[in-house]
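Structure record follows, encoded as structure tokens.
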Amino acid sequence: MLKYSNVFRRFLISYVIILIIPSIGGYMSYRTSITVTQSLSIENSVTQLQKSQDILERRMAEVEGFTRQLAINKQLSVLMNERDNNTNVYGIWNTMQNVLTSGQTNDFLQDYYIYLANYNLILTSGSTYRPEHFYEVFHYNDLSLAQWRKEFLEKTHRSEIRPLSPFVERNIQTSVITYMQSLPLDSFEDSSPAVVIVNIDEKVIASMLTGLTERYGGWVHISDENGNTIVQQGEDAPYIGKLATDPAFDENKVSQFYKDDLVITTRSTKNGWVYQAGIPRSVLLENANRIKFKSWAITGGTLLLGLLVGLVLAYRNSAPINRLVGVMREQFGKEETPERDSFDFLSGNIANMITKNKQLESELDRQLPLIRDAFLKRLIAGEFESRDEILYAAEQADIQLGPGTGYTGVIQISGYAGMDSVEILNELNASRLLLKQALAERGEAILTTDIGSDKVVALFLADAAEGPVEEQRVEEAMERLTAYLFEEYKMTIQAGFGDPFTTVTEVSRSFEQAKQALEYAVYVNQKGMMWNREAQIENTTYYYPLDTEQRLISTVRAGELEEAMRIVDVIIAQNLGQRELSVEMKHQLVGEMKGTFLKLLDQKTFLESPLFENTKRKIIEIDFSDPLESIQEELHAIMEEMCGFVVSKKKDAHIQIIKQMYQYTAEMYADAELTLYRVAEHVERPEKYISQLFKEVTGVNYSDHLVKVRMDQAALLLKESNYTVDEIAARVGYNSSHSFRRAFKRLTGISPSTYRQSHVE
């Protein structure tokens, strides 16, 4: 104990000093408690209100973002642009399934609908309505049917918000604010093809503000920029309407006392909404007074108890240090000298540990190039969603993007196409390193990353001090690079450059253009560099890449007629609009496309079909000399026949699956563990797939079908057997007789006992 008394005394003195400080603070705390508590309450209230404001604005932004997603939805766009509105019932149904019933994490989107002008139809997640029928179930108290049609359905809306209005929903009175957006987003006429309308219940908004009202017993009031009430939560404040006109109330202050309340005011910079919260003054002072009266009692008790605890802690905390000193001595083989106490001994050894930790940090710094490379690959692939996200990731990778403008180039090392071996790959690795080193020597504002064994992407970024990168500077740099690589290493390169990007979010676009330019440069065997615009002007070859052909084949095999037609239309448009094909090139293009469809016919799906011979004849008879527009129409007709056949075969397969599901359900309905997952295992199909298929073919959910099968069998047992209701419940697959009774009554309208009695009588 004498050996370690120095450490013990230091701890004890420290605890005594710590006890003296709160004693002085306790004396002063009651004098400042009112001000401090009041300030904290104001800050907490402001923070709470701002959090509620941020959440509400994010939810509204999600609503706006959702409507913009609808604007680019292909299924909805097809419905909006259709002229014959009597033939696409499936399209409407499919839109309701895939668009309107998609799960939403934002409870602001619980109640929305889409009005299609060309169909004069309103789509909801549960059904479709004519406007007049929809108005009978959902309508505003202050609007007639004609007014509602005129103001909501027949006008063009651009992210409009209607203030809080009384609303009737299925005979239930409530209040809602309404968000309206016309589709497409660039509609400028008096009316638009479609309108998305989102009704947001006042209770949903009010639920975000309960923290203020429940905690302080105050009130919250939100109004739009015109003073119209959006929501009011808490007890009614009779002077809310007078705040704006009372000269004693300063609207520019965030917090101020007004009458008996502390009023907090914030204004949204996004939509101009005004958020106000009122906290009773008595609540603020109550907490402060409580602190004041308890300060002395707590301080006195703390002194006495603290002295006792200090003695115990001084001993307990000095013991681990002594043990640590012993461990250090054993591990490092050192003894502390009389001139150095235990703390000096520990600090010396800990310093050694810190040195080793710095070595570890140095090793981590060596991994920084990998982080930079990953960032650049994500940047050129367009995986970032916003400019801020790009800047944050660049900062993490220690990359300076400057003003965010420049050029993207793809540089290929010539002479290695089609060569693949260990020796060649090793040689390419060395060549890429030399190429990137040469690029780095050209300037610090050039970022590089690999995209293949023989290709390097180079970003020529602008320097904020020197101004934007000029096209001539890029060409001169590439000329010097080409000459340097050939003179020093006898290495030749080809490069493609895209159009300049003016912000870092456009790098991926410029990268794609650079790839196309390089592809054409390789095709025409042009050394040096080529700009994307040169490839577009000089390109006289036809456009029919291999991946496009594979997508066309896969799409037709899947029976997706619309997508197949779109692919063919893109191919024709590329060759007509962006190229001037010679007669030979046109003939080669038509021959390639005819060959694609002949490949399709030779596959098993069509080889044994009745349309094989007729379709093959139509493909062969396509005349090379016909205009591409005519050939496009002929291909459309051929795809329509082939996709129709595929869809027909799919329907037959679907019917067989449904039959298997019916049969398996009839055999296994008595099993309480029977689920859709079990059925999916039996028919060897994914669970989600058969769920959607069953609903599409039968019009009901599988769970509803299973209940009906069980209830039909239960009804038969109730009529023809003497089993009790509990026994029947177990025989038809219910572990709980209560659940069985409830399901039976829901389906038949009467209880099982009543059903049996009625048949007995």
Q: Please work out which of the three classes, parallel, tilted or perpendicular, describes the rings of F497 and W531, given edges at 30° and 60°.
A: tilted
With a 4.5 Å cut-off on side-chain heavy atoms, are [Y] and [X] touching?
X    : Y    : result
I446 : L459 : no
I222 : L56  : yes
I371 : D373 : no
I390 : L401 : yes
I493 : M478 : yes
I399 : F375 : yes
N118 : M80  : no
T596 : E592 : no

Has [X] got more than 12 heavy atoms of other residues, nucleotides or ligands less than 6.0 Å from its [atom1]?
X    : atom1 : value
E488 : CD    : yes
Q692 : CD    : yes
Q550 : CD    : yes
E395 : CD    : no

Q.
Would K490 and F486 count as a cation-pi pair here, with the cationic atom under 6.0 angstrom from the ring centre and within 45° of the axis?
A. yes
(Q) Walk me through whether D398 and R372 qualify under side-chain contact (heavy atoms from CB on, under 4.5 Å). (A) CA-CA 8 Å; D398 195 21; R372 292 178 176 175; 3.3 Å; yes
State whether [X] and [Y] are salt-bridged, where the test is any N-O pair (Lys NZ or Arg NE/NH1/NH2 against Asp/Glu carboxylate O) under 4.0 Å.
X    : Y    : answer
E512 : K515 : yes
K455 : D450 : no
K74  : E562 : no
D454 : R432 : no

Q: Take S52 and Y275, measure what side chain to side chain donor-acceptor pair (under 3.5 Å) needs, and give me the verdict at the end.
A: CA-CA 9 Å; S52 300; Y275 297 76; over 6 Å; no
Q) Would a line drawn from the ring center of Y179 to the ring center of Y112 be shorter than 6.0 Å? A) no
(Q) Under a 3.5 Å threshold, yes or no: a donor from one side chain and an acceptor from the other, between K436 and T448? (A) no
Q | Nearest heavy atoms of Y119 and L79, plus distance in Å | A | CE1-O, 3.7 Å
